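In what follows, a single structure is set out as structure tokens and then discussed.
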Amino acid sequence: ASALVCYITRFTEEAFASLICIIFIYEALEKLYHLGETYPINMHNRLEQLTHYSCICLEPLSPSNKTVEYWSKHNITATEIPWGNLTLSECIQFQGTFSGTACGHHGPYVPDVLFWSIILFFSTCTLSHFLKQFKTSHYFPTKVRSTISDFAVFLSILTMVLIDNQ
């Protein structure tokens with residue numbers, strides 16, 4: 001196996017690094033796609049009618065067999081449940097339905113999640129690219145520029161994680 005090491009060139013290393021990079025970018029885009037499914041964007045939003053938006057939990061009109069089985073298993077009837085006062089998790093637990101102009105498929109819209117994730121994704125890529133190009137600038141001594149450029153990806157991820165946790 002060590003005899004084959006002489007055939008590994010800089011091109012081969014770069015090819016494998018590129019493949020790994022593509023895999024990570026693909027996984028990040030896939031997670032963004034799933035975030036878009038979990039937290040959909042409310043496309044019917046009008047600022048003038050902001051006070052009219054609501055999402056409430058209602059008793060299912062025609063409960064499924066699974067719902068009726070759950071209620072009977074826990075000795076609950078639909079009339080005993082205070083549908084208007086349930087939290088999101090309680091509504092899901094009692095298998096109620098969401099109704100209102102601010103409701104998505106799985107409950108109320110959460111508008112910030114997808115956009116904030118997209119902003120963090122592209123900011124991380126942009127900052128990483130900028131810090132990688134920092135080696136050719138004239139701002140700091142060569143040693144500092146080289147160190148910043150070598151750790152560009154780590155520094156950009158660390159920066160965006162810190163911004164996200166604030």
Side-chain angles (χ1 to χ4, degrees), residues 1-58 85-166:
S2 62
L4 298 176
V5 172
C6 66
Y7 296 110
I8 296 176
T9 63
R10 180 80 176 152
F11 174 76
T12 309
E13 291 176 21
E14 292 295 326
F16 281 117
S18 297
L19 286 174
I20 291 170
C21 180
I22 289 170
I23 289 169
F24 278 111
I25 291 173
Y26 174 78
E27 286 181 1
L29 289 173
E30 186 179 31
K31 287 181 182 180
L32 279 177
Y33 175 75
H34 290 300
L35 271 176
E37 288 180 342
T38 306
Y39 302 106
I41 300 169
N42 185 0
M43 300 301 280
H44 310 289
N45 198 2
R46 292 193 194 132
L47 228 55
E48 296 122 17
Q49 297 180 354
L50 188 62
T51 58
H52 299 286
Y53 291 133
S54 66
C55 183
I56 57 172
C57 182
L58 297 175
N85 296 329
L86 295 179
T87 63
L88 177 69
S89 58
E90 290 172 339
C91 186
I92 293 170
Q93 178 186 357
F94 292 128
Q95 300 175 1
T97 58
F98 294 102
S99 177
T101 53
C103 290
H105 301 293
H106 307 290
Y109 286 114
V110 183
D112 310 40
V113 176
L114 180 61
F115 286 130
W116 183 241
S117 297
I118 290 171
I119 288 169
L120 287 174
F121 173 77
F122 285 113
S123 298
T124 305
C125 292
T126 305
L127 184 62
S128 177
H129 178 72
F130 172 75
L131 291 176
K132 203 70 171 158
Q133 299 297 325
F134 198 67
K135 186 184 279 186
T136 59
S137 68
H138 300 289
Y139 292 117
F140 293 107
T142 307
K143 184 73 173 168
V144 174
R145 289 184 308 204
S146 178
T147 304
I148 290 174
S149 179
D150 289 344
F151 294 102
V153 175
F154 173 74
L155 290 173
S156 61
I157 290 173
L158 181 68
T159 302
M160 291 304 142
V161 166
L162 291 174
I163 288 173
D164 184 39
N165 287 332
Q166 286 185 359

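Values in this document were obtained by computation on a predicted structure and should not be read as measured data.
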Qualifying salt bridge (charged side-chain N to carboxylate O under 4.0 Å, His left out) pairs, either residue in residues 14-36, two or more places apart: R10-E14
Spatial distance of atom CD1 (I92) from atom OG1 (T97) [nearest 0.5 Å]: 12.0 Å
Side chain S146, main chain T142, donor-acceptor under 3.5 Å: no
Heavy-atom neighbours of H34 NE2 exceed 12 at 6.0 Å: yes
Separation of L127 CG from F122 CZ (nearest 0.5 Å): 15.0 Å
Identify each donor-acceptor pair in which a side-chain atom of residues 147-157 lies under 3.5 Å from a protein atom, sequence neighbours left out, and give them as a table.
{"from": "T147", "atom 1": "OG1", "to": "K143", "atom 2": "O", "distance (Å)": "2.8"}
{"from": "S149", "atom 1": "OG", "to": "K132", "atom 2": "O", "distance (Å)": "3.1"}
{"from": "S156", "atom 1": "OG", "to": "A152", "atom 2": "O", "distance (Å)": "3.1"}
{"from": "S156", "atom 1": "OG", "to": "V153", "atom 2": "O", "distance (Å)": "2.9"}

Distance (rounded to the nearest 0.5 Å) between L120 CG and L32 CG: 9.5 Å
Interatomic spacing from CG in L162 to CG in L158 - rounded to 0.5 Å: 4.5 Å
Interatomic spacing from CD1 in I119 to CH2 in W116 - rounded to 0.5 Å: 6.0 Å
Pairwise salt bridge (charged side-chain N to carboxylate O under 4.0 Å, His left out) hits with a residue in residues 156-166, at least two apart: none
Ring geometry between F134 and Y139 (parallel below 30°, tilted from 30 to 60°, perpendicular above 60°): parallel
R145 versus H138, closest heavy-atom pair with distance: NH1-CA, 3.3 Å
Atom pair CZ/OG of F94 and S89 - distance to nearest 0.5 Å: 9.5 Å
